[in-house]
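One structure is given here, and the rest of the page talks about it.
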Amino acid sequence: MEEKIIAAVIAAVKELFGIEATAAQIQIQKTKKEFEGDITVVTFPFVKAARRSPEQVGEAIGRYLVEHEPCVAKFNTIKGFLNLSINGSQWIGTLNAIDAAPRFGLKAPAPDAPLMMIEYSSPNTNKPLHLGHIRNNLLGYSISRIQEANGWRVVKTNIVNDRGIHICKSMLAWQKYGGGETPESSGMKGDHLVGKYYVEFDKHYKEEIKRLMADGMTEEEAKKRAPLMLEAQEMLRRWELGDPDVRALWQTMNSWVYAGFDETYRRLGVSFDKIYYESQTYLEGKEKVEEGLRKGVFYRRPDNSVWADLTQDGLDEKLLLRSDGTSVYMTQDIGTAKIRYQDYPIDKMVYVVGNEQNYHFQVLSILLDRLGFKWGKELVHFSYGMVELPEGKMKSREGTVVDADDLMDEMEQTAYDMSMELGKLGGCSDGEVREISRMVGLGALKYFILKVDPKKNMTFNPKESSDFNGNTGPFIQYTNARINSIMRRAADEGFTISPAGETVEMTDKERSLIQAVAKFPDIVRQAGDEYSPALIANYVYDLVKEYNQYYQATPILKEENRDVKNLRLLISRNVGRVITSGMNLLGIEMPERM
């Protein structure tokens with residue numbers, strides 16, 4: 001519908017005012033509720049060239065559209081806004097076309113479509129996944145689905161930080177204080193067990209610092225000379241040299257963590273096509289830096305360290321290899337990029353990483369471009385804000401993070417308790433209630449996180465997220481379940497839904513609902529352009545809110561006129577389809593009943 005209007009407005013301004021307009025110049029929006037009309041055209045962009053007032057421009061374009069575009073029934077002009085009323089038959093045609101499109105609003109990637117690689121999760125193997133990881137994973141997975149719906153071929157990747165001093169801290173603490181404890185002997189998930197010893201290291205390390213400071217050292221000296229830290233650094237050195245005992249312990253403890261991660265990812269409903277490990281990429285990065293050194297892209301200082309001079313790009317100088325030849329994070333990312341480019345013909349690379357790494361990815365983009373990666377200059381750092389709790393920030397070392405598994409347990413139990421309290425699942429077995437509660441609990445968690453503008457910091461409130469009213473996942477799921485119930489009851493009555501007749505009478509709310517449903521492809525496209533699941537989430541909520549108002553005020557199954565009843569069921573079915581498609585793009589499951 002909007003494409004027709006845009007084309008007609010382009011023709012109008014050319015014929016009326018001699019203006020050669022483009023589609024990008026035509027501003028279209030839904031008419032505000034206080035004015036008559038369905039679609040509003042903003043006329044201000046043409047006022048100067050037309051040498052007329054906004055009202056005169058609107059009147060002229062309005063008359064042209066009524067005469068030349070069959071879908072426009074009438075118009076009115078309010079200052080620089082041309083409000084158009086669309087013929088009812090056009091909305092009926094739009095609804096029938098939507099109903100006939102199995103994947104309405106969603107493109108299917110062609111075999112030769114451009115390839116987008118999206119990296120998300122990026123955990124360390126010294127601790128379990130926490131609330132911050134949940135936001136990262138949900139954003140990354142949703143963006144992957146949205147980009148696929150926009151016609152991209154997508155490869156979902158994860159880079160695991162499985163080497164470094166932080167890993168050695170957990171390993172050393174387990175050696176000293178673990179007593180041979182394993183996931184099997186303790187009954188703990190492997191990632192939780194390893195995380196327990198990361199916290200244990202920090203506790204003993206702080207005690208050593210206090211003792212050394214009591215003996216007269218400064219805090220800075222004590223941190224450097226604490227025996228535990230020196231032992232951890234020695235363990236890292238032995239790992240770098242390939243010490244078989246250190247490597248064996250490292251592999252064992254990492255295997256515990258990976259098993260735990262896999263379980264958490266499965267529960268969260270996210271997945272990856274390829275997982276990379278920094279232990280396998282950092283040497284590749286060193287080679288690529290050496291290559292850049294030979295080509296004059298980088299330079300070596302007298303102390304043997306290697307640097308990139310970025311001053312011509314308005315930045316500073318960036319260390320790539322330390323004087324002892326060891327790598328930094330930037331080097332590892334270059335190595336990972338090299339391997340990925342060998343594995344896949346990447347057209348666009350997207351890194352889903354928090355906004356504290358903005359500078360890092362600004363530098364990485366420049367370095368990859370200088371090293372010859374065709375997508376380097378245009379890499380996308382999907383920079384998102386931090387997630388906090390009402391009590392404040394989380395700290396891994398102090399064990400004050402919100403564990404992902406514990407949070408999912410809490411959300412599912414909350415949904416179960418609410419279902420039992422409301423008594424809406426009578427006749428279901430406890431197993432069925434538990435499964436519905438799982439979908440509702442995780443839907444509440446996912447929606448609450450994804451509805452927020454990704455660029456903003458957010459505070460996660462478990463209780464608020466589970467509310468069955470307002471802008472929440474359960475509210476949307478419940479409305480969809482209500483539509484499913486309507487469809488089942490219509491089928492039980494033997495009512496077969498068919499394409500709506502062009503002459504059937506429509507209410508203003510029905511026209512508005514069809515218009516809202518028709519907007520879905522534009523929202524999907526915009527969400528892809530802006531990498532914003534929040535656009536999908538809030539569009540679905542607005543659609544659900546409008547449908548609920550319609551449902552409360554309009555008889556559907558009790559409507560006696562068969563054609564009107566058919567129209568209302570057709571609208572309901574397609575509202576439900578779009579709700580389900582939108583929530584699917586967010587990775588949220590939709591229960592059949594609630």
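Counting begins at 1 with the first residue of the sequence.
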So is Arg135 actually on top of Tyr384's ring, under 6.0 Å and inside 45° of the axis? no
Flag side-chain contact, heavy atom, 4.5 Å: Asn158 against Pro123: yes
Set of side-chain contact (heavy atoms from CB on, under 4.5 Å) partners for Met420, sequence neighbours left out: Tyr416, Val433
Say whether Thr182 and Ser185, considering side chains only, have a donor N or O and an acceptor N or O under 3.5 Å apart. yes
Is the number of heavy atoms from other residues, nucleotides or ligands under 6.0 Å of Glu207 CD greater than 12? yes
With sequence neighbours excluded, what pairs up with Asp215 under the side chain to side chain donor-acceptor pair (under 3.5 Å) test? none
Test ring pair (Phe, Tyr, Trp, His ring centres under 6.0 Å) applied to Tyr120 and Tyr351, Phe272, Tyr265, the passing residue: Phe272
Ion pair Glu119/Arg340, N-O distance below 4.0 Å: yes
Mark yes or no: Arg300 above the aromatic ring of Trp307, with NZ or CZ under 6.0 Å from the six-membered ring centre and no more than 45 degrees from the axis. no
Report yes if the side chains of Asn355 and Asn457 come closer than 4.5 Å at any heavy-atom pair, otherwise no. yes
Taking the six-membered ring for Trp, are Phe361 and Phe382 closer than 6.0 Å centroid to centroid? no
Looking at every heavy atom in both Val257 and Thr125, which two are closest together, and how far apart are they? CG2-O, 3.4 Å
Of all residues at least two apart in sequence or in a different chain, which pass the side-chain contact (heavy atoms from CB on, under 4.5 Å) check with Arg225? Met217
Is there a side-chain contact between Cys428 and Arg593, using heavy atoms and a 4.5 Å cut-off? yes
Assess whether a salt bridge exists between Glu291 and Lys338, defined as any Lys/Arg side-chain N lying under 4.0 Å from an Asp/Glu carboxylate O. no
Which side-chain N or O atoms in residues 401-411 pair as donor and acceptor under 3.5 Å with protein atoms at least two apart or in another chain?
unit_1, atom_1, unit_2, atom_2, d
Asp403, OD1, His192, NE2, 3.3
Asp403, OD2, His192, NE2, 3.4
Asp403, OD2, Asp405, N, 2.9
Asp403, OD2, Asp406, N, 3.0
Asp405, OD1, Thr264, OG1, 2.9
Asp405, OD2, Lys189, NZ, 2.7
Asp405, OD2, His192, NE2, 2.8
Asp405, OD2, Thr264, OG1, 3.3
Asp409, OD1, Arg267, NH1, 3.0
Asp409, OD1, Arg267, NH2, 3.0

Answer whether the closest heavy-atom distance between the side chains of Val352 and Tyr531 falls below 4.5 Å. no
Partner residues of Met235 under the side-chain contact (heavy atoms from CB on, under 4.5 Å) criterion, sequence neighbours left out: Cys168, Met171, Leu172, Gln175, Val246
Return the set of residues passing side-chain contact (heavy atoms from CB on, under 4.5 Å) with Lys274 (not counting sequence neighbours), or none when no residue passes. Thr157, Tyr276, Asp343, Tyr344
Under 4.0 Å between a side-chain nitrogen and a carboxylate oxygen: does that hold for Glu412 and Arg434? no
Which word best sums up how the rings of Phe460 and Phe448 line up, parallel for under 30°, tilted for 30 to 60°, or perpendicular for over 60°? perpendicular
If you count every heavy atom of other residues, nucleotides or ligands that lies below 6.0 Å from Glu530 atom CD, does the total exceed 12? yes
Identify which one of Trp239, Tyr277, Trp256 satisfies the ring pair (Phe, Tyr, Trp, His ring centres under 6.0 Å) criterion when paired with Trp250. Trp239
Side chains of Lys169 and Tyr198: closer than 4.5 Å at any heavy-atom pair? yes
Give the intermediate values and the outcome of side-chain contact (heavy atoms from CB on, under 4.5 Å) for residues His381 and Asn358. CA-CA 7 Å; His381 171 209; Asn358 286 352; 3.0 Å; yes
Exercise: do Ser279 and Asp162 side chains pair donor with acceptor under 3.5 Å: yes
Is Glu240 salt-bridged to Arg237, cutoff N-O under 4.0 Å? no
Could you walk me through whether Glu148 and Lys107 pass salt bridge (charged side-chain N to carboxylate O under 4.0 Å, His left out), step by step? CA-CA 7 Å; Glu148 284 180 334; Lys107 294 181 182 177; over 6 Å; no
